[in-house]
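Structure first, then comments.
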Amino acid sequence: MTGRARAKARGHRILSGEEGAFGQPSSPKPGFSGSTDTFPEATHRKREKSPPKYGFSVGASGYKVMDRGGRIRCNFHDLGVNTRGTMKHVKDSKTGCSGIPVKVVTNLFSLGLPSEWKIYQYHVAFSPELASRRLRLALLYGHAELQGKAKVFDGATLYLAYKMESQVTELSSETQRGENIKITITLTGQLLPSSPVCMQFLNVIFKKVFKKLSMCQVGRNYYNPSDPVVIPQHKLTLWPGFSVSIGQFENRVMMCADVSHKVLRNESVLEFMVGLYSRVDQTRFAETCEKELLGLIVLTRYNNKTYRVDDVDWTVKPTDTFQKRDGTQITYEDYYKQACTNQGAQYDVSLTDLNQPMLVSHLKNKGDKSVEPRVVHLIPELCYLTGLSTSARSDFRLMKDLAQETHLNPDRRQQRLSRLVDNIQRNKDARFELESWGLKLGCQASLTGRVVTAEKILMQDATCMPMNAGDWFRDMRNMKMLWATALENWLVVCSGRNSELAHSLVNCLRRVAGPMGFRIEYPKCVQVQESPMAYVRILQQHVNPELQLVLCVLPSSQKDCYDSVKKFLSLEQPVPSQCVLSRTLSKQGMMMSVATKIAMQIICKLGGELWTVEIPLKSLMVVGIDVNKDAVNKGRVVVGFVASTNRRLTRWYSRCMLQNSGSAIADCLKNCMEGAISKWQSCNGQLPARIIVYRDGVGDGQLKMVVDYEVPQLLSVLGEFSGDCRYDFFLISQFARQGTVNPTYYNVIYDENGFKPDHMQRLTYKMCHLYYNWPGLIRVPAPCQYAGKLTFLVGQSIHQEPSLELADKLFYL
């Protein structure tokens, strides 16, 4: 099988407005996937001459260019997985050939490193040892040998742009107390640009560069608080900024930069608490307040630092005192006044409420995890909430206004990036910081991608050629789905006040189902009180194994009611279920559109098929794997495994397993693969000739573990595993109506099928058409998206392995 990855690691953002553009940083040749030409059959015939041996390729998922928070990741452990080491079919080139060439610009910038560029690493020892890092730095930098020269010292390791005269240099210093300190500087290595330590060091250099630009580091990104974007109608403020990372891209070390925004609420935590106090029962205020605040990130504007709220201390007030490091006592009120003054912030710290409780944040020690976290008390009045609340995210107008500022089209994004580079080059201090290390920010990397030919969508008795390759919902109206079983025995559960909405939905479902080739009979309807337990009691009374489907009209978006329904119908009485909010059905002008989409989901949950695309390989199994965390049991992860069971790649075997390791590396894949192959054989009367596995959810630095640990599990079902090699490509399959598209990054880490890169890319593109919850293209291959949906349902609502009686249905859509 071959692999996929959401482009996070080495990803760059393709600044092209065209859907389907894709490029590879290493090659100037065109490259894309997705044409409808048939695949060559030579490899099939060649294998038929020998005893049956089933082709297998394994792919590890990479990542989105940007992960949550906007950080661009490139983990050094992943670099140990060789590229194209033993794959003869891609040894000379990993570039495809189909599609129309298109020039694209990336968000990668060269650093102008000379061919002989290197940095020198020294170990610095102090005798006697000094606990204070600040004192060590002051004593070392006070020597003439280091003054006025480029240097970085972290308290133990010194990096220099030049080589000192001696292998070992001894210096002496005297502290203000008159104590003599001996400093020994020993050369430990010379770091080349490709060295992982060197790349970490270069990231430190750029951290200093952004400080020279007067940008504040919040989290891992850099923002400009002096140029805020205010959205007054929603009481929000945006700080524009950038996420920047230095990494190795093919054979070059480059800077990868992208635009980022920090969302701040113009509301202090104290104002939030006062508003909450007026809305909830006073006896439950403390409990509700903690439920709302714990886990949120707040920003203190006097120092532009962020903290995670870990607790609310109701017993401590701003007028209480605490002991400082020097042993003196001071009130929190006076301490924060001094902190603000020391930061030079123009900020009024006159507190209006001296009885407000204190927020508690635990600061972990990055260097030594065994050390207890340091507890910090924060005054709510000085803390501002960041990010968006759940209610804000469901506010259409708010999200639309926010998107106008944050979803930048390619031209605006390119302008921001160009302005960043200009600012660095025009700022004397920032430019000097780079030049002192022999660095110079160079030109922006460009490459050639390819625009794919749109796929034909195959229906039961017609072929749909979408006007828009990203969405064919309108094009397929009045076309029959590939295959749908009649819905004859089903149950509708709703509250008394929503009975008319439920009746209207049933009528609309029957109207829209006819043109789809889907016959729906009238259901049995029962009314229920609006509580989770009431829903469960009704289901216990009326659900039986003969039921095909249970449709529940939920009165609100309360998660407990949804969870109760899904848990009962996935574990105790395994029957496909469909939940719909009454609020969704109350929009009468949207009822037919809503009914159409619900009917399509029901077809899938009954084991039906909606559409397909031309798949030239006739005996191919495609697998998607994803791993998610359990929302309740923090030490447990959910592994989703979804595999195709027919030749058209329209039916799926879904398996979900829980493991208590806490690791994102799956250890249950052998059992899942055995079940999938057994299911394929029972459906097709033979074993699959080829298997392609798309692995999503791989964390930083885990690519090597996927190769060493997960691939052997899969191959143990089929044969032996050997080899350590990979090749990669970028693919843009989805269509963006607003903003700029992120490419998806794929790593092919094992392939004995001998697929040419063009064939692998085109097949991957085809698989992005087969996700039945959206009549259009998606970012990743369908089985990966299915596996993600399955793990989300289990990790958020069920928290147990679903019944295997539902394994042959897409019950989790």
Discussion item. Using the rule given for side-chain contact (heavy atoms from CB on, under 4.5 Å), can you reason through L276 versus M273, listing the C-alpha separation, both sets of side-chain angles and the distance that settles it, and then say yes or no?
Written reply: CA-CA 5 Å; L276 186 65; M273 296 172 75; 5.6 Å; no
Discussion item. Would you say that R779 contacts N742 through its side chain, given a criterion of any heavy-atom pair below 4.5 Å between the two side chains?
Written reply: yes
Response to the item:
Closest non-hydrogen atoms of A666 and Y709, given as atom of the first, atom of the second and distance, are O-CE2, 3.5 Å
Worksheet item: Is the shortest distance from a Lys or Arg side-chain nitrogen in K559 or D563 to a carboxylate oxygen in the other one below 4.0 Å?
Response: yes
Item to complete: Using the ring-ring contact (aromatic ring centres under 6.0 Å, His included) rule, pick out the option among Y772, Y771, Y765 that qualifies with H769.
Response: Y765
Practice prompt. To the nearest 0.5 angstrom, please state how far the OH atom of Y535 sits from the CZ atom of F568.
Written response: 14.5 Å
Discussion item. Is a donor from one side chain sitting under 3.5 angstrom from an acceptor on the other, for H799 and D630?
Written reply: yes
Discussion item. Side chains of S564 and D560 only: does a donor on one sit below 3.5 Å from an acceptor on the other?
Written reply: no
Discussion item. To the closest 0.5 Å, what do you measure between SG (C672) and CD1 (I677)?
Written reply: 11.5 Å
Response to the item:
C561 and L554 have their tightest heavy-atom pair at SG-CD2, 3.8 Å
Fill in: Expected output: side-chain T791 to main-chain G788 donor-acceptor under 3.5 Å
yes
Practice prompt. Of all the heavy-atom pairs spanning C656 and E801, show the shortest one and how long it is.
Written response: O-CG, 3.4 Å
Item to complete: Grab the two heavy atoms, one from A643 and one from F641, that are nearest each other, plus how far apart they are.
Response: CB-CE2, 4.0 Å
Worksheet item: Which distance, rounded to the nearest 0.5 Å, do you find between the CG of L610 and the CG of N773?
Response: 9.5 Å
Worksheet item: Has the side chain of N203 got a donor or acceptor atom that lies under 3.5 Å from a matching backbone atom of I246?
Response: yes
Worksheet item: Does the N684 side chain pair with the main chain of T645, one donor and one acceptor, at a distance under 3.5 Å?
Response: yes
Practice prompt. Using only heavy-atom distances, determine whether the side chains of Y694 and T764 contain a donor-acceptor pair under 3.5 Å.
Written response: yes
Worksheet entry | Test item: T306 side-chain N/O and I297 main-chain N/O as donor-acceptor pair under 3.5 Å | no
Discussion item. Show, in sequence, the C-alpha distance, side-chain angles and deciding distance for Y562 and S797, and conclude whether the side-chain contact (heavy atoms from CB on, under 4.5 Å) test is met.
Written reply: CA-CA 8 Å; Y562 176 85; S797 301; 3.7 Å; yes
Item to complete: With the side chain counted from C-beta on, respond yes when V780 and Q785 share a heavy-atom pair under 4.5 Å apart, and no when they do not.
Response: yes
Item to complete: Find out whether L658 and V794 are in side-chain contact, i.e. whether some heavy atom of one side chain is under 4.5 Å from a heavy atom of the other.
Response: yes
Practice prompt. List the atom of V312, the atom of L293, and the distance in Å for their closest heavy-atom pair.
Written response: CG2-CD1, 4.4 Å
Practice prompt. Could you tell me whether the side chain of S644 and the main chain of V622 form a donor-acceptor pair under 3.5 Å?
Written response: yes
Worksheet, complete the sentence: When rounded to the nearest 0.5 Å, the distance separating CE of M621 from CG of N646 is 10.5 Å
Worksheet entry | Within 6.0 angstrom of Q540 CD, more than 12 heavy atoms from elsewhere | yes
Fill in: Check against side chain to side chain donor-acceptor pair (under 3.5 Å), K566 and S577
CA-CA 7 Å; K566 287 296 183 180; S577 60; 3.0 Å; yes
Discussion item. Hydrogens and angles aside, do Q601 and Q578 bring a side-chain donor and acceptor to less than 3.5 Å of each other?
Written reply: yes
Discussion item. I'd like to know if the side chain of Q713 pairs up with that of D667 as donor and acceptor (distance under 3.5 Å, no hydrogens or angles considered).
Written reply: no
Worksheet item: Quick check: does any side chain N or O of S682 sit under 3.5 Å from a backbone N or O of K679, one acting as donor and the other as acceptor?
Response: yes
Practice prompt. Could you tell me which non-hydrogen atom of W680 sits nearest to which non-hydrogen atom of Q686, and how far apart they are?
Written response: CD1-O, 3.0 Å
Worksheet item: Between atom CZ of R655 and atom CG of L790, what is the distance when rounded to the nearest 0.5 Å?
Response: 11.0 Å
Worksheet item: Is the gap between the ring centers of F285 and W314 under 6.0 Å?
Response: yes
Practice prompt. Examine distances only and state if a side-chain atom of K605 and a backbone atom of L813 form a donor-acceptor pair shorter than 3.5 Å.
Written response: yes
Worksheet item: Counting distance only, does the side-chain N/O of D310 pair as donor-acceptor with the main-chain N or O of H362 below 3.5 Å?
Response: yes
Discussion item. Rounded to the nearest 0.5 Å, what separates atom CG in L549 from atom CG in L606?
Written reply: 6.0 Å
Worksheet entry | 4.5 Å side-chain heavy-atom contact, W652 and D808 | no
Practice prompt. Check whether any side-chain N or O of S361 sits under 3.5 Å from a backbone N or O of R308 as a donor-acceptor pair, and report yes or no.
Written response: yes
Worksheet item: More than 12 non-hydrogen atoms from neighbouring residues, nucleotides or ligands closer than 6.0 Å to CE on M705, yes or no?
Response: no
Worksheet item: Ignoring hydrogens and geometry, is there a side-chain-to-backbone donor-acceptor pair from D313 to T315 under 3.5 Å?
Response: yes
Item to complete: For K262 and N221, run side-chain contact (heavy atoms from CB on, under 4.5 Å): C-alpha distance rounded to whole Å, both residues' side-chain angles, the deciding distance at 0.1 Å, then the answer.
Response: CA-CA 9 Å; K262 189 68 179 176; N221 300 337; over 6 Å; no
Discussion item. Ignoring hydrogens and geometry beyond distance, is a side-chain donor-acceptor pair present between N753 and R690 at under 3.5 Å?
Written reply: yes
Worksheet entry | Counterpart residues, side chain to side chain contact (heavy atoms under 4.5 Å, CB included), relative to Q800 (two or more places apart) | L571, I798
Worksheet entry | pair Y750-L715: side-chain heavy atoms closer than 4.5 Å | yes
Item to complete: Could you check Q659 against R636 for side-chain contact (heavy atoms from CB on, under 4.5 Å), going step by step and ending with a plain yes or no?
Response: CA-CA 6 Å; Q659 59 185 47; R636 191 163 64 176; 6.0 Å; no
